[in-house]
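A, B, ... follow the sequence lines: proteins, then strands. Residue 1 opens every chain.
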Amino acid sequence: MSSGSGSLMWFRKGLRIHDNPALEYASKGSNFLYPVFVIDPHYMKPDPEAFSPGSSKAGLNRIQFLLESLRDLDLNLKRLGSRLLVLKGEPSEVLIRCLKEWDVKNLCFEYDTEPYYQALDVKVKSYATTAGIEIYSPVSHTLFNPADIIRKNGGKPPLSYQSFLKLAGEPSWASSPLSIALSSLPPVGNIGNCNISEVPTVKELGYEETQQDELSPFRGGETEALKRLRESIENKEWVAKFEKPKGDPSAFLKPATTVLSPYLKFGCLSSRYFYICLKDLYKNVKTHTVPPVSLAGQLLWRDFFYTVAFGTPSFDQMRGNKICKQIPWNDDDELLVAWREARTGFPWIDAIMTQLRKWGWMHHLARHSVACFLTRGDLFVHWEKGRDVFERLLIDSDWAINNGNWLWLSCSSFFYQYNRIYSPISFGKKYDPNGDYIRHFLPVLKGMPKEYIYEPWTAPLSIQNKAKCIIGRDYPKPVVAHDSASKDCRRRMAEAYALNQKMSGMVSAEDLRNLRRKLEEDQEPQVENKRQRKLIG
DNA sequence: GACTTGTTGACGGT
DNA sequence: ACCGTCAACAAGTC
């Protein structure tokens, strides 16, 4: 590194001071440091056409979470004698302009495996290289470098968690201490003619205050992340006994998991620091759970999906994705919208979708429930459509993990037992027989007795009257009958799997069209979707 | 044979 | 009455 000149620290994810190798490198031996975040209008500007308040890419909750994270980062930088320089525009253009304008010898940013950043990095790196600017871009978002794991596996990503674990082993950095604290940072250099602003508020971005009736209860930022982490690992017994599939998806006053995912997504919390804290705790207890169910196992799941996503072309779509089963999903926008707008008539499903819209977060198993319902369980709608809704509305939506889980739940990849279908009625009931979760997120069903709250359409009219909730007027009738719909989904999955096997995965668009036609022809009238909707709704 | 977490109903223990 | 455990259901890919 050349000294006596400036470094530019480009923040994208990794919105933190602790365990931030790029920031540490940028601050060492430089007289000046330019900590930059570029607001991409594409990601932040209000889009009135979108189906929920927010931009064309992100719902308002995640935009809010990001802004809070940036404000916190700015405060933490100020404590160290620096500040965050916020710029607006297409990120690579803005950054290249900064590099031209300022006296920068080092450009530092956290390496990112997502296609969006890969494409951005190509542009920025190519300019920096020709301008003689040194680039430092370390892997610090995940526990492992996905490229290392793929190399170890002979060029292909592992497709099961266990094989991933075997390849991964212990992370190389786990034996030496991480750099957790910085004592000071070099001052910001001359910013010349660049248009620098403070971190904007949602209002300054053009959002009306009344656009959303209930905002997420989770506040963004590194400070909040570390506080949440401390609170989670304070309870050693809880951490030691943590088993993911045993959590209660209906717990909302005190969620059954840590809710650290949004902080990991934006890098407000270092997954490596989290991992070290857990290892430390495990050393000091008699027994503890192990991957895949343990809390450390959850971090490894994250790395697993990052690795597969990085090593799989067209990971985020069905067509052209080698690990994805080709399935003739239906193109029914009416069913998709009912699901998205929490109008399926299944209170468990609609409550989860309402929590998603209001909080931008729901329990892992709740996500399973609604994802299964939309795709292979009941509605047979394309997983890409559901993925888009989650990607927009979740505050923790992460490209690799979100797509990976949709592939999983739709039985398109990783998991293939399509007979195992979550019941939209009984799955929630076993955790929350009283229906408190439903009553909270769907107040219209508040008065429905617990005997009927998971299937309100079965309540006698006198009960509906007493509950002040007439099904079909105050709350919708179910969009499908679960028994027949799930049976039909199984049939379609079996046919699709048979086709994939017959063609050894090389299913063409025409093959799929033919199968879709065949499935429609074979359909018995009483389970035919459109007619059924007319009968029921 | 290994693979993250379905549903229902029976059974036995508390 | 409420819990955990288990088999049956019907069965997938790598």
**Asked** Is there a Watson-Crick or G-U wobble partner for dA10(C) with both distances under 3.5 Å, and if so, which one is it?
**Response** none
**Prompt:** Picking from dT7(B), dT5(B), dG12(C), which would you name as closest to the side chain of Tyr418(A)?
**Reply:** dG12(C)
**Request:** Starting at atom CD of Glu495(A), determine the distance to atom P of dA11(C), rounded to an integer number of angstrom.
**Result:** 13 Å
**Prompt:** Atom OH of Tyr431(A) and atom C1' of dT7(B): how far apart are they, to the nearest Å?
**Reply:** 12 Å
**Message:** Can you tell me which nucleotide in dA11(C), dT4(B), dT13(C) comes closest to the side chain of Gln162(A)?
**Reply:** dT4(B)
**Message:** Tell me if the centroids of the rings in Phe65(A) and Tyr263(A) come within less than 6.0 Å of each other.
**Reply:** yes
**Prompt:** At what distance, to the nearest 0.5 angstrom, does CG of Leu515(A) lie from CD of Glu510(A)?
**Reply:** 12.5 Å
**Asked** Picking from dT5(B), dT8(B), dC14(C), which would you name as closest to the side chain of Ser426(A)?
**Response** dT8(B)
**Request:** Please state how far atom CZ in Phe164(A) lies from atom C1' in dT4(B), giving the value in whole angstrom units.
**Result:** 14 Å
**Item:** Phosphate OP1/OP2 of dT7(B): any Lys430(A) side-chain N/O under 4.0 Å
**Value:** yes
**Request:** Examine His141(A) together with Tyr306(A) and report whether their ring centres are nearer than 6.0 Å.
**Result:** yes
**Asked** Starting at CZ of Phe242(A) and ending at P of dT4(B), how long is that distance when rounded to a whole Å?
**Response** 17 Å
**Message:** Please name the nucleotide paired to dT4(B) by Watson-Crick or G-U wobble geometry with both distances under 3.5 Å, or report none.
**Reply:** none
**Asked** Among the nucleotides dT4(B), dT7(B), dG12(C), which one has an atom lying closest to any side-chain atom of Phe427(A)?
**Response** dT7(B)
**Asked** Please give, in whole Å, the distance from dT13(C) P to Ile327(A) CD1?
**Response** 11 Å
**Complete:** Rounded to whole Å, the CD-P distance (Gln501(A) to dG12(C)) equals 9 Å
**Asked** Say you pick atom C1' in dG1(B) and the same atom in dA11(C); how far apart are they, in whole Å?
**Response** 16 Å
**Whole-Å gap separating P (dG6(B)) and CZ (Arg420(A))** = 5 Å
**Complete:** Which of dT5(B), dT13(C), dT8(B) is nearest the side chain of His368(A)? It is dT5(B)
**Prompt:** Of the nucleotides dT13(C), dT7(B), dT4(B), which one has an atom closest to the side chain of Trp301(A)?
**Reply:** dT4(B)
**Request:** Can you label the angle between the Phe414(A) ring and the Trp408(A) ring as parallel, tilted or perpendicular, going by 30° and 60°?
**Result:** parallel
**Prompt:** Are the ring of Phe415(A) and the six-membered base ring of dT4(B) within the stacking cut-offs of under 5.5 Å and under 30°?
**Reply:** no
**Prompt:** Is the closest side-chain heavy-atom distance between Cys372(A) and Leu374(A) below 4.5 Å?
**Reply:** no
**Asked** Closest heavy-atom contact between Gly345(A) and Tyr475(A)?
**Response** C-OH, 3.2 Å
**Prompt:** To the side chain of Lys325(A), which of dC14(C), dG6(B), dT4(B) is closest?
**Reply:** dC14(C)
**Request:** From the options dT4(B), dG6(B), dC14(C), select the nucleotide whose nearest atom is closest to the side chain of Asn405(A).
**Result:** dT4(B)
**Out of dT4(B), dT7(B), dA11(C), whichever nucleotide has its closest atom nearest the side chain of Gln417(A)** = dA11(C)
**Complete:** Mate of dT14(B) across any strand shown (Watson-Crick or G-U wobble, both atom pairs under 3.5 Å) is dA1(C)
**Message:** Could you tell me how far apart Leu407(A) (CG) and dC14(C) (C1') are, to the nearest whole angstrom?
**Reply:** 16 Å
